[in-house]
Amino acid sequence: MESILEPLINSPKLNEYVAELQNRLFEERDKRYAFYESISEDDKAEFINGNVIMQSPATAFHTSIVANLVNLMRNYVHKQKLGEIFFEKALVTLTRNDYEPDIIFYTSAKANNIKPEQLKFPAPDLIVEVLSRSTESIDRGVKFEDYAHHGVDEYWLVDPSKLLIEQYFLSNKNYQLNFKDTKGTIVSRAITGFKTPVNAIFDSTENQVELRSILLGN
C-alpha cells in the first residue's frame with residue numbers, strides 16, 4: 001500500500017488527486033444507491049468498482065456443480081448445526097462492492113444474526129465461485145483481493161472445464177493456496193469437519209454416494 005501511495009504523497013498535486021478521488025467516490029456512492037433501488041429478486045447482478053455487472057445465464061454443468069456442492073454442504077452444516085449455507089442470489093455487501101457468489105457459508109455466530117427478510121449479507125466465512133469464461137478474471141482478480149481484505153477465511157474456485165478445484169485459506173490478510181487438484185479429497189477449514197471427494201462435486205452419481213455418507217454419519 002505504501003509503495004502505491006508514495007508517488008502521490010510526494011507529489012505537489014496531492015490535493016488535486018485527493019479531491020478527484022473524493023469526487024469519484026461520491027459518484028460511485030450515488031451509483032450504488034441507484035443499483036440498490038433498481039435491482040429485484042429476479043436479477044443476478046453485482047456492483048463492482050462503480051459498475052453494474054449483470055450475470056449471464058449459467059450452463060447446465062455450472063448449475064449442476066453448484067447444486068451438487070450445496071447438496072453436500074447444506075446437509076452437512078444443518079446436520080452438525082454449524083451455521084447456514086446460501087447460494088446464487090445472496091448479495092454480499094462489502095465496503096465498496098456487492099457480489100452474488102455461487103455459494104456462501106456463515107458459522108452459527110453470524111448466521112443467527114441474519115433475518116428472514118434480509119437482502120444484504122455481510123462477509124461470510126467461506127465463499128465458492130464456479131468459474132466461467134465471462135467471470136474468471138473477476139473471480140481471480142478483484143473478488144480474490146476483496147474477499148481476503150474483508151476476512152473471508154476460505155475461498156474455493158471451481159473450474160468446470162478442467163474438473164479442478166482450488167482452495168485458499170486466509171493467512172495474514174492474504175490467500176494462500178491449500179489445495180489444487182482434479183482428484184482426492186478436499187477438507188474445509190471454515191466448515192468444521194466437512195470434507196468431500198472432488199469427483200462428488202462434478203459427478204451427480206458420486207454426489208449421491210457422498211450425500212448418503214453424510215446423512216448416515218459415516
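Hydrogens, waters and symmetry mates are skipped; everything else that's a heavy atom, side chains included, is used. None of these values were measured; they are calculated from a predicted model.
- Annotation: salt bridge (Lys or Arg N to Asp or Glu O under 4.0 Å) contacts of E145 (sequence neighbours excluded): none.
- For E27 and N23, the side-chain atoms include no donor-acceptor pair closer than 3.5 Å.
- Residue pairs meeting the salt bridge (charged side-chain N to carboxylate O under 4.0 Å, His left out) criterion with at least one member in residues 146-164, sequence neighbours excluded: D153-R189.
- Taken from CG in L157 to OG1 in T135, the straight-line distance is 9.5 Å, to the nearest 0.5 Å.
- Summarising the geometry of R32 relative to L94, their closest heavy-atom pair is NH2-O, 2.7 Å, with the distance given to 0.1 Å.
- Note: the hydrophobic cluster containing I214 also contains L82 (ILVMFWY, side chain heavy atoms under 4.5 Å, direct or indirect links).
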>> Working note: I114 + F121, criterion side-chain contact (heavy atoms from CB on, under 4.5 Å); need CA distance, chi angles, decisive distance, verdict.
In response: CA-CA 8 Å; I114 296 175; F121 293 76; 3.8 Å; yes
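- Taking CD1 of I48 as the start and CG of N51 as the end, the distance is 8.5 Å to the nearest 0.5 Å.
- Checked by atom type and distance alone, the side chain of N113 never pairs as donor or acceptor with a backbone atom of A111 at under 3.5 Å.
- Checked against a 6.0 Å centroid threshold, the rings of Y175 and F169 do not count as neighbours.
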Name every donor-acceptor pair, under 3.5 Å, that has one atom in a side chain of residues 14-21 and the other anywhere in the protein, sequence neighbours excluded.
unit_1: E20; atom_1: OE2; unit_2: R24; atom_2: NE; d: 2.8

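- When all heavy atoms are compared, the tightest approach of A123 to V92 is CA-CG1, 4.2 Å.
- In this structure, N178 CG and I186 CD1 are separated by 8.0 Å, a value rounded to the nearest 0.5 Å.
- A side-chain donor-acceptor contact under 3.5 Å links E46 to the backbone of E100.
- Summarising the geometry of E129 relative to D139, their closest heavy-atom pair is CD-OD1, 3.8 Å, with the distance given to 0.1 Å.
- Judged purely by atom type and a 3.5 angstrom limit, D43 has no side-chain atom pairing as donor or acceptor with the backbone of A45.
- Side-chain contact between I103 and V70: present, with at least one pair of heavy atoms (C-beta onward) separated by less than 4.5 Å.
- A donor-acceptor pair is defined here as one N or O able to donate and one able to accept, closer than 3.5 Å; such a pair exists between the side chain of T63 and the backbone of T59.
- Remark: K89 NZ is packed, more than 12 non-hydrogen atoms of other residues, nucleotides or ligands lying under 6.0 Å away.
- The shortest non-hydrogen separation linking E210 to A200 is CB-CB, 4.0 Å.
- Legend: residues meeting salt bridge (Lys or Arg N to Asp or Glu O under 4.0 Å) with K183, ordered by chain and number and at least two apart, are D181.
- Evaluation of the side chain to side chain donor-acceptor pair (under 3.5 Å) rule for N207 yields N71 as partners, not counting sequence neighbours.
- Nearest heavy-atom pair across S204 and S64 is OG-OG, 3.7 Å.
- Under the 4.5 Å side-chain heavy-atom criterion for ILVMFWY residues, a single connected hydrophobic cluster contains both I127 and V142.
- The line from CG of D125 to CD1 of I104 is 10.0 Å long, rounded to the nearest 0.5 Å.
- Between Y155 and the options Q167, E166, K143, a side-chain contact (heavy atoms from CB on, under 4.5 Å) holds for only K143.
- Shown here are the salt bridge (Lys or Arg N to Asp or Glu O under 4.0 Å) partners of E136, two or more places apart in sequence or in another chain: R140.
- The closest side-chain heavy-atom distance from D203 to N68 is not below 4.5 Å.
- The shortest distance between side-chain heavy atoms of N49 and R96 falls below 4.5 Å.
- For the pair K120 and Y36, the cation-pi criterion (under 6.0 Å, within 45° of the ring axis) is fulfilled.
- With rounding to the nearest 0.5 Å, the separation of CG in N75 from CG in L211 is 5.0 Å.
- Within the structure, salt bridge (charged side-chain N to carboxylate O under 4.0 Å, His left out) pairs that include any residue of residues 53-78 comprise R74-E84 (at least two apart or interchain).
- Using a 4.5 Å heavy-atom threshold, the side chains of L170 and V152 count as separate.
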> How far apart are the C-alpha atoms of T196 and V187, what are their side-chain angles, what is the distance that settles it, and do they pass the side-chain contact (heavy atoms from CB on, under 4.5 Å) test?
Replying inline: CA-CA 7 Å; T196 181; V187 181; over 6 Å; no
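- Side-chain contact check for I191 versus V77: some heavy-atom pair is nearer than 4.5 Å.
- With hydrophobic clusters built from ILVMFWY side chains whose heavy atoms lie under 4.5 angstrom apart, F144 does not share a cluster with L164.
- Within the structure, ring pair (Phe, Tyr, Trp, His ring centres under 6.0 Å) contacts touching residues 176-212 (residues at least two apart or in different chains) are Y76-F194.
- Between the side chain of T182 and the backbone N or O of L163 there is no donor-acceptor pair closer than 3.5 Å.
- For the pair S11 (side chain) and P7 (backbone), a donor-acceptor distance under 3.5 Å is absent.
- Sorted by first then second residue, the salt bridge (charged side-chain N to carboxylate O under 4.0 Å, His left out) pairs that include residues 47-68, not counting sequence neighbours, number zero.
- For the pair W156 and L126, the minimum side-chain heavy-atom distance is below 4.5 Å.
- Note on residues 93-113: pairs passing ring pair (Phe, Tyr, Trp, His ring centres under 6.0 Å), not counting sequence neighbours, are Y99-Y147.
- Y33 and M54 fall within the same hydrophobic cluster, defined by Ile, Leu, Val, Met, Phe, Trp and Tyr side-chain heavy atoms under 4.5 Å apart, directly or through other members.
- Summarising the geometry of P101 relative to A90, their closest heavy-atom pair is CD-O, 3.7 Å, with the distance given to 0.1 Å.
- Here the straight-line distance linking atom CE of M73 with atom OG of S188 works out to 6.0 Å at 0.5 Å rounding.
- Following chains of ILVMFWY side-chain contacts shorter than 4.5 Å, one can reach V128 starting from I201, so the two form part of one hydrophobic cluster.
- Here ring pair (Phe, Tyr, Trp, His ring centres under 6.0 Å) pairs that include residues 52-75, with residues two or more places apart or in two chains, number zero.
- Taking K79 as the reference, nothing meets the salt bridge (Lys or Arg N to Asp or Glu O under 4.0 Å) condition, with sequence neighbours excluded.
- Formation of a donor-acceptor pair under 3.5 Å by the H150 side chain with backbone atoms of T95 is found in this model.
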